[in-house]
Structures are given as C-alpha cells and as structure tokens.
Number of protein chains: 2
Amino acid sequence: MTAPVRGPADLFAAAGNGDRAAKARLLSLVERGGEAAREVGRLAAPLAGDAYTIGLTGAPGSGKSTLTSALIAHLRSRGEEVAVLAVDPSSPFTGGAILGDRVRMQDHATDAGVFIRSMATRGHLGGLSLATPEAIRLLDALGHCWILVETVGVGQVEVEVAGKADTTVVVVNPGWGDSVQANKAGLMEVADVFVINKADRPGVQETRRDLQQMLELSGEGAEAANAGWQVPIIATVASSGESVDHLWDVILAHRDHAASTGVLERRRRYRLGEELREIVARRLEQRARDLCTGERWDALTDDVQSGALDPWSAADVMLGAVDA
Amino acid sequence: MTAPVRGPADLFAAAGNGDRAAKARLLSLVERGGEAAREVGRLAAPLAGDAYTIGLTGAPGSGKSTLTSALIAHLRSRGEEVAVLAVDPSSPFTGGAILGDRVRMQDHATDAGVFIRSMATRGHLGGLSLATPEAIRLLDALGHCWILVETVGVGQVEVEVAGKADTTVVVVNPGWGDSVQANKAGLMEVADVFVINKADRPGVQETRRDLQQMLELSGEGAEAANAGWQVPIIATVASSGESVDHLWDVILAHRDHAASTGVLERRRRYRLGEELREIVARRLEQRARDLCTGERWDALTDDVQSGALDPWSAADVMLGAVDA
C-alpha cells in the first residue's frame, strides 16, 4: 500500500501532530526549492521564532559528529528534545546505516525525542545558503526548541552557513597546524566557542595556546561586536562524553550573554536581512538566466571565447539589455 | 627601499617578462575583485586560450597536495613548466612555510619553472566561482600551458570549481566508505579520472570495486556526455611517486579524447557561459543590495521577523519595487 500524495498543508498539519515521515517529506520539499518550498515557508513563518540554533563545525575527521551525538545524549538526559541538521557531505549522519555505527547513531535512531536529518540541496536555486535557514524555520515552526546544525568547516558556503547559528561551536583537534587550518578556513571569525576534541591525545596545550594567540590577533574588534564575549576554549573527548556537560553549560552561558546584551537580536536581524537579500538576488539571477540565451547571448559568448571581449564587459552589454 | 606602486598594465607587462612578484600582485588584484580585477581581465582576455587546466580534488587528508607535488616533479622531469592554483584551505600549499615541509614543497619553491599560488577570495564579489576562472585566465595569458587547480572536494562551491577543469582528477583513499563519501559530495559527477592514492594501504581492490559500481550506476548518460570516455581508476602512492607517470599519461589520454571528440570545446563553451551568467547574476545581486536598504526594507524585515510575512513574499514585494 502506498501513501496518498499529500500537499504541503496536509504534510504540515501531520508533522505538527508528530508524524515524522511528514516532517521528512516537508524537508525534502524545502531541499528541492520551487513553489512547494515557498508554500512550506508560508506555513512555517507565522509559527517560527522560538528555536535556538547551535552550529557545530570543523574539518572532516575532527569528531564533530561524535560531539553532536554526545550533545544529543546530554540533552536527552536532561529531558530535552533536539533536532539535528547535518549540512556535511562527510558526516556519518548523512551516510545513514553505512557509516552510522561509527558514532553509535543507533542510540538515537529510535528515540522519538531526537530528529536527525541530513541536508542536501537537490536543486534548490539558492543552494545551502537558502535551503538551510528554510529548513531551520520549518523545524522551529514544528516546535523544536534546540536545533543543532552540523556543517563541514571547509568550503565557502559551508563556513558561511556555520556562522549563521545563534551559537557557533568550532571543533579542532590537538596537534600542530589544526588551529592554523581553522584560521585559513575562516573559522576563527565565526567561533563563539572553541572545542579541542580528542583531548586525550597529545598537544592540547599547544593547540590551546595557538587558538588563544589567534583570538588575540583578531582581537578587540571581534570582542566589541560580541559585546565583550571572550571565546572560551573547551577540551573534550566526545567519544567518552568527557566535558560534554561543561560544553553545554558554556553554550548556555553564551546564549544568556548574547540574549542579555542584545547581540542575539542583532545577529538574528542581520541574518534575516542576509537571507532576504539572497532571495532577491536569486530571483534576479533567475531573470538573468532567462535573458542570457538566444542569438545575442551566443554572439557575446563568441566574442569572449575569441578574446575580443572580456567577460565583465560582455556582462555590461547584457545588463544594458536587462535595463532596457 | 619600497617598490613604487604599479597599476595593472605595468604589472601585466612586468609579469609577461617573468617578474614573479608582479604575477603574484596581479593575482592578489584578481582575488580582491573590483575595478582593478576587471582591468586585469581586460588585459588577459585577448592573450588567453592556450592553457590546459587539470583539476585535482578530494577530501582533506587524501593526499592530493602530495599528488600535485608529484605531478609537478613529473612535469619538470619532462621539461614542462607548470602553474598551480591551490583553492583549498586545508592544502599545505596555502599554509606556506608552516606546513609546507610536509609535502617537500621546498623542492619546487626555488624552481623558476614552477609557479604556485594559493587562492582566497579576499572580498571578490563572486567568491571562488568567479575569482578562480579569472586567475586561470591570467596565468593562461601570461603563457602558462599547464595549470593544476587543487580544490578541496568538500563544499558546494569547491566541488563546482573542481568540475570546471579540462580534466578533473578525483582523489580517494583505500578503505571502507571513502567512495561513498566522494559520491555524497558530488565528486562522482565531476570525475574524468579517479585516483586511489595511498595505494600501499589495504583496501584498494574494495575501493576500486565500489567506485566501479557507482560509475556504472551513474552510467550511460554520463558516458554519452563524455563521448564514450570510460573513467579510469588509477592506484598511486604519491609520496613515493609510484604510478604518477601513468596518471599523467591517462590525463593526456583524456585530453586527446576530449579534444578529438569535441567534448573539450563543448565543455569550455559551457563553462564560459556559466561564468558570464554568474557575472551577470553577481552584478544583479549588487543591484539588489543597493535596493535592499531604507525604510521600506526595514519595514519588510520587521514583518518577516514578526512572522507576518514569509521571506519569499517579502522578496516579491522588493522585486515589485525593482520592476517599477
């Protein structure tokens, strides 16, 4: 027996009543973008606004999925429910059963208080930068108070997405060069909390010192923007759960600080503005794609291919046509 | 004594005469975008078109930098010159002296026939997707025939950039799950050649079989698009140079196949079209940013924040204003 095809409104009502399959279907619609995703957004918007998002990011292999798993366990032990979005092609979460046992995902798979979803874009016009906030808004509207967003800390878009959480946790490992890499990847700018995971390995003190130095270099400007918040550096062993409770307390401390200083409100407003501008831009892009076809376009491409025209000048010509 | 400030035209002339510092300065201008980058593009466009680009991509730790280094050595042994763009925050190339010794970069650092540059965007409006083809065009115009582009095979933009080379080499390692990860990251679609690097470790046959199966699944459509090219799977040990000569022969075989079947021409044309559309889109995006300010914008953002309006509907309102 196959389930009847349900529209966004039916799915939304069902998901609100705890139907996990409906929730998954809605997220698939969001990933695909288009008219159905817009409809999901219209349904979600009036009900969203209460969730707190925590971004976890770091290089593949840093153990952020294990840390996410340990945070889930900690939250569950406190009786909290939690949703996880894994925006990370290297995440075991996105590998499902194949890699899942590596992080004892089975512990959570059958727990009704945990909802885990890997994110892909599947054709969404705005890619991950738009699909992710839309997915968060949906989970928020469906009553999730804690949303963990795991992103890989490598890649232009992924690091941007990581920086758009209410609290962003950057995960590194002990050892020479890891903090340098985090800095190069742009993770220093987005970190509200640093975690040195796998802290049972040698090199924790050196990594802590490296991070501290880099934080001091990025310095007063960053601190002022965060109303005096000094980025803590926490050593954890996610695989055994060591210091995961402490990490959670630090996350809550950051939340309280951000909320009481107005940083949280300001960030959310900024983030929303960015999302709106991105949508406007993507719509204009679609318009440009519609325009960038036909004989005139082909002739311009010929000119660029032959070297007679550089690409930006060719774009000027096309934009003249958009204006006309 | 400090060098006098030179404009793009002076730098371009100097770089054409072998001034490496001038070349590096031009690449910095490209990374920053803006008017100076446009000027560089205007200078480069008429002279570009002869270079062949080879993309190397894979997860951090797969050894693609070591493989790049081994390919450089092989090319040099054949008397060829080579340029490398490292679009990879996890690359030792981008770490300079700190991590460079890991891949014996010192072997190449003083070789006038090798030019290595790490790419960052430093504010370029179009990010890596536009800065990279512009940097390639510049190196091409300055006479580089072989350009290796190393990108990290994680991240939406980075995988796209990897897929835009004339020949794209995807690097994985032996072992359970690596091919699955490559598939999830979208690397299966961009691979012209697969390399199983670190092939002195166990699991090469299993990984080969996994890759073969996934290639068969993506199947006939992909093969037809590449005029019958069957993606080879090469086992290498980059650290000792094993099979790197064979890899180079396979890259040349792909080049010959692509050139003789018209695939190369078709791909380059497609790529150029994508670049032009991206430029048009970024210009429109800038226009959107200019528009998305002021009281009306603030009021719309308020409405979205309160849940009275969803983001896409707010964008509709703004786009109405664009049209009017």
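Reminder, nothing fancy here: chain letters follow the sequence lines and each chain counts from 1.
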Q.
With side chain to side chain contact (heavy atoms under 4.5 Å, CB included) as the criterion, how do B/Val304 and A/Glu275 come out once you've worked through the C-alpha distance, each side chain's angles and the decisive distance to 0.1 Å?
A. CA-CA 11 Å; B/Val304 177; A/Glu275 187 186 351; over 6 Å; no
Q. Is A/Arg277 paired with B/Asp290 through a side-chain N to carboxylate O contact shorter than 4.0 Å?
A.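 A/Arg277 and B/Asp290: not salt-bridged.
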Toward chain A, the part of [X] with a non-hydrogen atom under 4.5 Å:
X	result
B/Gln305	both
B/Arg137	side chain
B/Leu309	backbone

Q: Would you indicate whether B/Glu35, at its atom CD, is surrounded by more than 12 heavy atoms from other residues, nucleotides or ligands within a distance under 6.0 Å?
A: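 Above 12, so yes.
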Please report the closest heavy-atom contact between [X] and [Y], naming both atoms and the distance.
X	Y	value
B/Asp310	A/Gly41	CB-O, 3.8 Å
A/Pro311	B/Ile279	CB-CD1, 3.5 Å
A/Leu272	B/Thr301	CD2-O, 3.8 Å
A/Ser313	B/Arg38	N-NH2, 3.7 Å

Q) Of all of B/Ala308, B/Ala44, B/Ala45, which one pairs up most often with chain A through heavy atoms under 4.5 Å apart? A)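 Top option by heavy-atom pairs under 4.5 Å: B/Ala45.
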Q. Contact part of A/Glu274 toward chain B, heavy-atom cut-off under 4.5 Å: side chain, backbone, both or neither?
A.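 Side chain of A/Glu274 only, per the 4.5 Å heavy-atom cut-off to chain B.
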Q) Contact part of A/Glu134 toward chain B, heavy-atom cut-off under 4.5 Å: side chain, backbone, both or neither? A)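 Only the side chain of A/Glu134 comes within 4.5 Å of chain B.
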Q.
Go through it in stages, so that I can follow the logic: the residues are B/Asp316 and A/Arg283, the test is side chain to side chain contact (heavy atoms under 4.5 Å, CB included), and I'd like the CA-CA distance, side-chain angles, deciding distance and then a yes or no.
A. CA-CA 9 Å; B/Asp316 284 343; A/Arg283 299 284 296 276; 2.6 Å; yes
(Q) Could you measure the distance from the CD atom of A/Glu39 to the CH2 atom of B/Trp312? Nearest 0.5 Å is fine. (A)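 Reported to 0.5 Å precision, the distance equals 14.0 Å.
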Q. Can you tell me how far CG of B/Leu284 sits from CG of A/Leu319, rounded to the nearest 0.5 angstrom?
A.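 CG of B/Leu284 is found 5.5 Å from CG of A/Leu319.
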Q: Tell me, out of A/Asp302, A/Thr151, A/Leu47, A/Val159, who's got the most heavy-atom pairs with chain B below 4.5 Å.
A: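 The answer is A/Asp302.
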Q | Heavy-atom check, side chain of B/Asp298 versus side chain of A/Arg269, under 4.5 Å | A |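 With C-beta onward as the side chain, the pair touches.
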